[in-house]
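Residue numbering restarts at 1 for every chain, and letters A, B, ... go by the order of the sequence lines. These numbers come from a predicted model, not from an experiment.
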Amino acid sequence: MSATATHHKESVRVDYLNVAHSIKSWLVTEDHKRIGILYLVTISLMFLVGGIFALLIRLELVTPAGDLVMSDTYNKMFTMHGVIMIFFFLIPSIPAVLGNFCLPLMIGARDVAFPRLNLASWYIFTLGALFGVASLVMGGVDTGWTFYTPYSSSFSHTPVIMAVTGAFIAGFGSIFTGLNFIVTIHKMRAPGLTWFRLPLFVWGHYATSLIMILGTPVVAITLLLVAVERGLRIGIFDPALGGDPVLFQHLFWFYSHPAVYIMILPGMGVVSELIATFSRKRIFGYEFVAFSSLAIAILSFVVWGHHMFVSGQSMYLSMVFSVLTTLVAIPSAVKIFNWAVTMHKGHVKLDSPMLYALAFMGLFTIGGLTGLFLSAMAVDIHLHDTYFVVAHFHYVMVGGAIVAFLGGLHYWWPKMTGRMYPEPWAKLSALVIFIGFNLTFFPQFILGYLGMPRRYHTYPDEWQVLNVLSSAGATILAAGFTLVAVYLIWSLKNGAKAPANPWDATGLEWQTPSPPPPTNFTHRPVVTEEAYNYPIVLAKNGEGEHQEEEKRTHEHA
Amino acid sequence: MSFEPAKPQTYLLTFAALIVLTIITVLAARVVLPKIPMGIMVLDLNIVLAMAIACVKASLVVLYFMHFKDMGQVSKVWASAGVFFLLVMFFLTLGDYENRHPEETKGWTESGVLHDRRP
Amino acid sequence: MSTHETDLPVGHQFEDAEQQLDAYSAGMWLFLVTEVLFFGGLFLAYIIYRTRYTEAFVAAHHELDWRLGGLNTLVLITSSLTMALAVRAAVIDRWKQVIGWMACTFVLAGCFMVVKYFEYSAKFEHHLFPGPNFQFHHPGIDSGEAQMFFNLYFAMTGLHGAHVLIGMITMIILAIRLYVMRNQRVDFIPVELAGLYWHFVDLVWIFLFPLFYLVGGN
């Protein structure tokens, strides 16, 4: 992708960071880049809180007896871990940080379509997060992150209203982000930037926004109803009032299953960028990868019933959901295959972002395939609510979403901060995270298969070895994350100055200096080529075929 | 896209049509139509009729008051997508209630006495 | 592009007024899509309980006065008309007319809320608000099933009422803004967007009215 962009002299250049320094200038900023940074700070804090709970959970599970905390406290720990990680970290992570920062740059716009709404979304999200933290300070919620009724609405003695209000409010932040992205992608693209010249990151965010727009309102109303049922006794879900708790589950999962794809779709967008850049090749089957994002988003709305196989849902409907769920594997596999083929005969460079991308491919494949096990109704009845499920969704959410987030963060860090991070440390911590992650969660597959239920703080003695392995892994994982935090913060002052395009990547965001000027580009870019238009280099053994194939692909688009 | 002002007559005609349809929907509710049992649910034809009239009224509001003709392509696609996914939610969820075995849901029609079980 | 919009201020992120108008219009419609799904969850709950508890719903709805509901329907439809005229006045750059029509809309919305207030207080007096004090005695009708009708009634009309209030606040803000900027060409985009929102509020009520006040076969 080529573009016209002017490069200023480094010494006098005004960028979005040095244009103003006061705290107020950050709090009233309408610059999408600064808002992305604000989001990064907020979600990092939430990740820290959620991570501490994860460590406490693993610490309790080192021994079979419940000797660290009481069972009630344990209930609160896993609930707060889930609520904070899902509503206040994973859902906003990639879209609100990397999406906010990169999307307008990638499409050659000066900003998102509604900058003030963008800032409002951060404030709303932060307010929601404060409610979440308040529920924690008030003693913590013990319902599980799913807030299932009637326990949440009638029985729990914990500040449920506070927590659901937090999730409700944060949901509006998410809606505003999605709304902004959709209008921005539709209306703000640079001249010549047609849909099939867009980076796949943008396609991924478009699909994500679809879920944010169509799903979030439903969970908003559902959580509102739980709060109202608890506070005012206007009960829609309580069986004692003639209500049906399964209806809560339907409404909840109508959003909360697609919400899983809010976490993973932008991650897939990041990985597409990384694979293309570090293989120096156009993504194989670009159109298929682009449309598979939309297919995943659309399919995500018709599979929610697989969370409810043992809830009393009609078994005939369960069969329908079971079949529909397996369909999600198709677009997901399309992506994995196409990334693998992209790397084939590419000039693969194993820089740290690429390490994360490779980790994503492996871990997401495991997470996705175990999802297929769970989509089979009969298997799910055996594995439901066991550690197999816990391992499955952590492979998708940590192994998928967080690994992709870290990959993207490293990849765009030079653009965001104008500094390079220390590459050897980055490679090391990527390795530590990979090892720690697998050690934490792989034993949980086995534990689940053996029948260890989730959400209990005691277990029979024979499962101790696997649990200790898992807890040891969690410690390594935590060390890995800490390492990343330390050297990234260190690099802010001490990192080498980043050039405009350290990875020699295509894409408009690399055509502007690092960090970018406040209005992104000095001249409006004009796009004349497709994304990922890397120069064709002959493979070492000189295969002419490869070259021809590349050419053909280019002509097609 | 632009917002060329519509003639006030268009708005007045729409308004009149909405009033007439409101009267029709009140009158239609006075006719008792059959109720058809479907699984554990009952389909009431009165409500079907009332919703059909409401849909006509809603269409008038969208077409004339909300200037459907001025809507951009994006808005049209997304508005349709919103309605489509709403119907997906309705149909799949109702598919559950429609196909549940009556025994499975026996308990939840018998309401209990309301107690506030919190401290 | 119509001649009316050429002299409107353009935000720094936009290239021209047309792009800005397109973006705002699409943004508002997307917001309304989220509103459709927001209310959608409640409509789904209504369908399910209505089909399960048909007899109780028919019995319970007699406690609502369809005349008041009908009156409110007419009030809201009229307010939609006045709002449409306000938008029209904004497009043709008549700021006094815009404020006048919005004032009409505001008054009508106020009437709606007053009627709603009397309806609600009557329900409270007759112990028809769900909760420990709920009382509904009707031969052959389970009071818990009837209570579900009122659960949904208060949840859905309450949420709708909140939207009416937000609309009223928006109109006050817009009117002040129009007055302050009276020497410039009327910025019709916010008026148009508020209009879209207001028609949506009307649209929701068009469905709520038959669902609660006209439950089959009076």
Discussion item. Side chain to side chain contact (heavy atoms under 4.5 Å, CB included), that's the test. Do C/Glu15 and A/Met188 meet it? Break it down for me.
Written reply: CA-CA 9 Å; C/Glu15 295 300 310; A/Met188 314 286 282; over 6 Å; no
Item to complete: Just do the side chain to side chain contact (heavy atoms under 4.5 Å, CB included) check on A/Val183 and C/Leu30 with the steps written out, would you?
Response: CA-CA 9 Å; A/Val183 177; C/Leu30 279 173; 3.6 Å; yes
Worksheet, complete the sentence: Comparing A/Ile234, A/Thr519, A/Asp111, A/Asn520 against chain C, the one with the most heavy-atom pairs below 4.5 Å turns out to be A/Ile234
Worksheet item: Using non-hydrogen atoms only, which part of A/Leu224 is less than 4.5 Å away from chain C: side chain, backbone, both, or neither?
Response: side chain
Discussion item. Taking CZ in C/Arg182 as the centre, count heavy atoms belonging to other residues, nucleotides or ligands within less than 6.0 Å. Is the count above 12?
Written reply: yes
Worksheet item: Checking heavy atoms, do the side chain of A/Val219, its backbone, both or neither come under 4.5 Å from chain C?
Response: neither
Discussion item. Testing A/Leu214, A/Ile182, A/Leu179 one by one against C/Val33 for a side chain to side chain contact (heavy atoms under 4.5 Å, CB included), which residue passes?
Written reply: A/Leu214
Item to complete: Under 4.5 Å heavy-atom distance to chain C, tell me which part of A/Val218 shows up: side chain, backbone, both or neither.
Response: both
Worksheet item: Atom CD of C/Gln13 and atom CZ of A/Arg116: how far apart are they, to the nearest 0.5 Å?
Response: 9.0 Å
Worksheet item: Between C/Leu44, C/Leu37, C/Leu152, C/Leu159, which shows the greatest number of heavy-atom pairs under 4.5 Å with chain A?
Response: C/Leu37
Practice prompt. Tell me whether the centres of the aromatic rings in A/Phe176 and C/Phe31 are closer together than 6.0 Å.
Written response: no
Worksheet item: Given side chains that start at C-beta, do those of A/Ile236 and C/Tyr49 come closer than 4.5 Å, heavy atoms only?
Response: yes
Worksheet item: Are the side chain of A/Arg110 and the backbone N or O of C/His12 linked by a donor-acceptor pair below 3.5 Å?
Response: yes
Worksheet item: How close do A/Leu225 and C/Ala155 get, heavy atom to heavy atom, and via which atoms?
Response: CD2-CB, 4.3 Å
Worksheet item: Going by an N to O cut-off under 4.0 Å, is there a salt bridge joining C/Glu18 and A/Lys187?
Response: no
Response to the item:
If you tally heavy-atom pairs under 4.5 Å between each of A/Gly235, A/Ala220, A/Pro104, A/Gly178 and chain C, the highest tally belongs to A/Gly235
Fill in: Plane angle bin for A/Phe114 and C/Tyr24 - parallel if under 30°, tilted between 30 and 60°, otherwise perpendicular
tilted
Worksheet entry | A/Tyr123, OH atom: more than 12 neighbouring heavy atoms under 6.0 Å | yes
Practice prompt. Please say whether more than 12 non-hydrogen atoms of neighbouring residues, nucleotides or ligands are located less than 6.0 Å from CD in C/Glu55.
Written response: no
Fill in: Atom pair CD1/CG of A/Ile221 and C/Leu42 - distance to nearest 0.5 Å
4.0 Å
Response to the item:
d(A/Ile213 CD1, C/Thr34 OG1) to nearest 0.5 Å is 6.5 Å
